[in-house]
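Notes to accompany the following structure.
Naming: A, B, ... by sequence-line order, numbering from 1 per chain. Note that this is a predicted model, so its numbers are computed, not measured.
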Protein chains: 2
Amino acid sequence: MAKYPGVSMMVTRRLPRYYRCLEDLIQKGVERISSREFAQIIGFTASQIRQDLNCFGGFGQQGYGYNVSVLYQEIGRILSVDREYPAILVGAGNLGLALVNHMGFQQKGFKLTGIFDKNPSIIGKIVGGWPVCDVEEMGAFCKAHKPVAAALCVPDSAALEVAERLVRNGVRGFWNFTHHDLSLLYKQEDVAVENVYLGDSLMTLTFLVTELIEE
Amino acid sequence: MAKYPGVSMMVTRRLPRYYRCLEDLIQKGVERISSREFAQIIGFTASQIRQDLNCFGGFGQQGYGYNVSVLYQEIGRILSVDREYPAILVGAGNLGLALVNHMGFQQKGFKLTGIFDKNPSIIGKIVGGWPVCDVEEMGAFCKAHKPVAAALCVPDSAALEVAERLVRNGVRGFWNFTHHDLSLLYKQEDVAVENVYLGDSLMTLTFLVTELIEE
DNA sequence: TAGATTGTTAATCGATTAACAATC
DNA sequence: TAGATTGTTAATCGATTAACAATC
């Protein structure tokens, strides 16, 4: 059973925003904050912040507000960013490598445990401390290391096949950079999918810019 | 004045999905499609599809449905993906390079016209056909080439300064990969911001996976 | 205690879905 | 013409905002 069954996707997606914002506040030495001040900084309404937080518990105190570091810890716990779920990267192209080098998988709930690619000219190279392995070894690796999630940076054409293979091997979450909506595939089964459609994001910007500059 | 002033962000963000899905259908040789069939494939409801499309015009025909290639063209036009707005990339680290090499800026409304970085060891290298230039040259470059948009792949700490410099030089849109919410900064001014919070996206997945696997 | 600010309920707003008349 | 499916209006649903009593 899910710990927070009633929580909407809207609220879920705001949690990381709160978390990061609180991190900044700690950095700046802020100890307490009211929903009103918080709202100003983060760009939501005070009502929404209080409403959101109360999905998970009463972390504030009337007349005082919220203790920044307490709230930070609480949201971190809710997000489970202190976990180290074993995760793998499939597809060590430009984007995949950028994610490994640029992003901290750790401190975001995951621990990278393997990198896989199909391209023989990449296999064997060391990336972010890990040798790139042949995708053919992926099945055996999963049986041994039981990765919980996978970052999918393979070409669109390979997305479905790779995803299905991983699900058969116990992977329960995808950070999906392909353009195949995997959440459609796994609606029934218990697989979490976070789609990152970079192409769509750029096209959205195109639309917005055009709306702005075309008279 | 905006061409489509009443269109919500919700609808806007679905447009690229429609566009890509139609592309796939064309590839598969599908000529016509009803909102019902389309809904099945894309994972929305038929009502929503018809509602969405009618924000922009009546592209269908009663009793027939939608002509796939006509609809594809129409949505492409609405999104302005056939434009070639001059755009630059600032920050040629792993992520920036991945975007240049992996993404097609062209065919998504933009044309990359320059790449900038602060790091002397990167400056001068050729990436995606363009030499990486010193950020110090950015002002002069903007005056000469008038880029309309910028992909921001600089460290968080540099985000605000770079963004402000670019806005002063006429940039009207940001594809923002930093964790500073630029849309907060330019609420009043006419600057479009598409925030891509990869870290938040990964934390969201962490939350979803935890909800799934913790009993 | 008095002032401040939460937690929570009620009101509003917007987005999605359902229904159906218009029409190809 | 009859069948199918749109465009569009009305109903529902969910998310955001406002309000205020509870309480630190």
Side-chain angles (χ1 to χ4, degrees), chain A residues 4-18 21-22 25 30-72 74-75 78 181 183-184 187 204 207, chain B residues 4-18 21-22 25 30-72 74-75 78 181 183-184 187 204 207:
Chain A
Y4 308 109
V7 176
S8 77
M9 207 56 199
M10 288 295 184
V11 174
T12 299
R13 289 198 176 283
R14 279 192 294 266
L15 288 178
R17 291 284 292 276
Y18 291 125
C21 198
L22 290 163
L25 288 169
V30 179
E31 271 180 17
R32 63 171 278 274
I33 195 159
S34 68
S35 58
R36 205 161 158 284
E37 296 167 301
F38 202 9
Q40 201 116 62
I41 295 168
I42 207 169
F44 306 155
T45 66
S47 260
Q48 183 164 60
I49 291 171
R50 294 203 301 278
Q51 194 87 283
D52 282 359
L53 297 179
N54 281 96
C55 293
F56 304 97
F59 305 125
Q61 202 163 58
Q62 281 97 331
Y64 171 84
Y66 299 86
N67 179 297
V68 173
S69 69
V70 166
L71 190 57
Y72 176 72
E74 287 290 351
I75 294 180
I78 293 159
D181 186 351
S183 69
L184 235 65
K187 220 167 225 170
T204 302
F207 178 82
Chain B
Y4 308 107
V7 176
S8 76
M9 207 55 200
M10 288 294 183
V11 174
T12 299
R13 289 197 177 285
R14 280 193 291 268
L15 288 178
R17 292 283 292 276
Y18 291 124
C21 198
L22 289 163
L25 287 169
V30 179
E31 270 180 19
R32 65 171 277 273
I33 195 161
S34 70
S35 59
R36 206 161 159 282
E37 296 167 301
F38 202 8
Q40 201 117 62
I41 295 169
I42 207 169
F44 306 154
T45 65
S47 260
Q48 184 165 60
I49 292 172
R50 294 204 301 278
Q51 194 87 281
D52 283 358
L53 297 179
N54 280 97
C55 293
F56 305 96
F59 305 126
Q61 202 162 59
Q62 281 97 330
Y64 170 84
Y66 299 87
N67 179 296
V68 172
S69 69
V70 167
L71 189 56
Y72 175 73
E74 287 291 351
I75 294 180
I78 293 160
D181 186 352
S183 69
L184 235 64
K187 221 166 224 171
T204 302
F207 178 83

Could you pull out every donor-acceptor pair under 3.5 Å between side chains of residues 56-68 of chain B and any protein atom, sequence neighbours left out?
from	atom 1	to	atom 2	distance (Å)
B/Asn67	OD1	B/Ser69	N	3.0
B/Asn67	OD1	B/Ser69	OG	3.1
B/Asn67	OD1	B/Val70	N	3.0

Assess the pair B/Tyr18 and B/Phe38: is the distance between their ring centroids shorter than 6.0 Å? yes
In whole Å, I'd like the distance from the [atom1] atom of [X] to the [atom2] atom of [N].
X       : N      : atom1 : atom2 : result
B/Ile49 : C/dA15 : CD1   : P     : 18 Å
B/Met10 : D/dT16 : CE    : C1'   : 11 Å
B/Met9  : C/dT16 : CE    : P     : 13 Å
A/Glu37 : C/dT5  : CD    : C1'   : 11 Å
A/Leu53 : D/dT16 : CG    : P     : 14 Å
A/Glu74 : C/dG7  : CD    : P     : 12 Å
B/Asn67 : D/dT6  : CG    : P     : 13 Å
B/Arg36 : D/dT5  : CZ    : C1'   : 11 Å

What residues form a side-chain contact (heavy atoms from CB on, under 4.5 Å) with [X], not counting sequence neighbours?
X       : value
B/Gln40 : none
A/Glu31 : none
B/Arg13 : A/Thr204, B/Met9, B/Glu194

Give the nucleotide from the list D/dT6, D/dA15, C/dT6 with an atom nearest to the side chain of A/Ser8. D/dA15
Closest approach of [X] to [Y] (non-hydrogen atoms, all atoms of both residues):
X       : Y        : value
B/Ala39 : B/Ala46  : CB-N, 3.4 Å
A/Ile41 : B/Leu184 : O-CD2, 3.1 Å
A/Val7  : A/Cys55  : CG2-CB, 4.2 Å

Could you check whether A/Phe38 gets within reach of a base, just the sugar-phosphate, or nothing at all, counting any heavy atom under 4.0 Å? nothing
5' to 3', nucleotides 17-24 of chain D under a 4.0 Å protein heavy-atom cut-off (B base, S sugar-phosphate only, - none) gives BBB--BBB
Counting only side-chain nitrogens and oxygens, does B/Arg32 get under 4.0 Å of the OP1 or OP2 atom of D/dA4? no
How does DNA chain C look in dot-bracket form if you count Watson-Crick and G-U pairs under 3.5 Å, write [ ] for pairs that cross, and put | where a base pairs with another strand? ..||||||||||||||||||||||
Checking side chain to side chain donor-acceptor pair (under 3.5 Å) between B/Ser34 and each of B/Glu37, B/Arg36, B/Arg32, which is the one that passes? B/Glu37
